[in-house]
Amino acid sequence: MLQPPPAEPGMREEEVDTPALLLDLDAFEANLDAMAALLAPTGVKLRAHAKTHKSPVIARLQMARGAVGQCVQKVAEAEALAWGGIPDILVSNQVVGSSKLARLAALASIAEVAVCADDAAQVGEIAAAAEAAGVRIRVLVEIDCGAARCGVAPGPEAVALAERIAASPHLRFGGLQSYHGSAQHKRSPGEREAAIGHAAEVTRRTVEQLRQRGLACEIVGGGGTGTFALEAASGVYTEIQAGSYAFMDADYARNDVPPPFRQSLFVLATVMSRSLPGVAVVDAGHKAVAIDSGLPLVQGRPGLRYAGASDEHGKLLVEDGAAPVLGEKLRLVPGHCDPTVDRYDWYVGVRRGRVECLWPVAARGGMH
Ligand code: PLP
Ligand code: MN
């Protein structure tokens with residue numbers, strides 16, 4: 001059930017009810033501008049990943065700064081964006097099952113829709129859904145460029161699948177999906193360079209083999225917040241798929257040489273108990289903030305350490321002299337931004353201490 005917004009425009013930040021998903025608009029806009037400025041000289045386009053923000057409002061702000069479209073991870077996100085007016089959407093993932101494919105095909109009449117495949121049988125299913133809907137769907141071959149998740153082997157296997165796509169009158173071969181997920185959080189720049197060096201090399205070889213068969217790659221997509229500069233400099237990738245850059249999180253901040261973006265996303269929490277010495281408890285446990293990539297940090301309060309999360313309690317350890325008062329509101333920096341956003345119905349946009357806007361997290365929730 002959609003919850004009412006925890007704030008109204010014009011309120012002071014301390015008046016926002018908690019736990020709330022807070023977006024610091026100055027930092028957020030600076031991140032969008034910074035990514036646009038970093039990619040401009042490379043000629044490589046941004047197709048920002050909407051699995052992070054799940055919001056056509058944020059998608060539009062990214063596209064106003066030059067993003068060519070959006071990536072999504074699932075059909076429900078594609079629906080929220082397409083019906084929200086976003087014209088160009090890539091499902092950077094596999095979609096399996098006739099009902100999901102029928103939903104995807106239905107979107108192809110209101111937006112440019114593309115999807116990935118890594119299996120010949122799956123290509124047949126996508127073609128059948130496109131035929132039934134009377135549309136043509138763009139399909140990218142996903143290759144495994146090193147992360148060992150989805151994707152066919154680069155080289156001949158990828159070429160064979162691309163030929164199958166190109167042979168279908170209901171599909172259009174759109175290029176390669178080549179995302180190296182496990183490289184994003186490798187801590188040292190050297191490890192990230194080695195991983196993306198390999199990814200770019202196998203991708204380059206596959207693009208060349210496709211070209212020899214007369215198959216051009218309109219899109220060669222990949223790259224996240226941890227490595228996008230490497231993909232952008234490779235000369236192979238045409239689109240970058242970073243998502244977290246808009247918000248950042250404590251896990252990305254732990255990379256040696258963290259990505260050049262500011263923390264803009266916070267969970268606002270209230271101190272609700274101080275009954276033990278050296279301890280304070282906030283109303284944001286792991287139902288309010290994702291802890292799969294580590295516990296949150298307390299912004300701007302070095303004497304407070306978030307040390308344990310239960311369902312609805314966050315336990316802070318308090319250094320001498322750093323005690324918060326009961327009822328005080330604290331900004332938590334999530335360990336992982338994407339699943340944290342998915343826990344909320346509303347972004348509360350704040351600027352210099354005042355609530356400026358409320359944006360729905362339109363594609364939140366469990367629907368695939
Ligand atoms: N592209 C794909 C296919 C992904 O799965 C992800 C994240 O897992 C991203 C891009 C974006 O990554 P990030 O949010 O770390 O920038
Ligand atoms: Mn993530």
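Ligands are counted one by one from 1 in listed order, and the atoms in each one are counted from 1 as well. Please read all numbers here as calculations on a predicted model, not as lab measurements.
Within 4.0 Å of ligand 1, heavy atoms belong to protein residues His49, Lys51, Thr52, Gln73, Ser92, Arg149, Gln177, Tyr179, Gly224, Thr225, Gln241, Ala242, Gly243, Ser244, Tyr252.
The atom of Asp338 that is an N, O or S and sits closest to the Mn ion (ligand 2) is OD1.
A perpendicular orientation is assigned to the rings of Trp359 and Tyr347, their planes being inclined by more than 60° (bins at 30° and 60°).
Glu231 and His180 share no donor-acceptor pair across their side chains, judged by distance under 3.5 Å alone. Defined by atom type and a distance below 3.5 Å, a donor-acceptor pair is present between the side-chain atoms of Glu142 and Gln94. Counted by atom type alone, His336 and Asp292 present one or more donor-acceptor pairs between their side chains at under 3.5 Å. Judged purely by distance below 3.5 Å, without hydrogens or angles, the side chains of Ser264 and Asp24 never pair a donor atom with an acceptor atom.
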| task | Mind running salt bridge (charged side-chain N to carboxylate O under 4.0 Å, His left out) on Arg187 and Asp256 for me, showing each step along the way? | result | CA-CA 6 Å; Arg187 292 302 176 210; Asp256 312 346; over 6 Å; no

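Aromatic pair His185/Tyr252: ring centres closer than 6.0 Å.
Note on Cys337: not counted as a metal contact of the Mn ion (ligand 2), no N/O/S atom lying under 2.8 Å.
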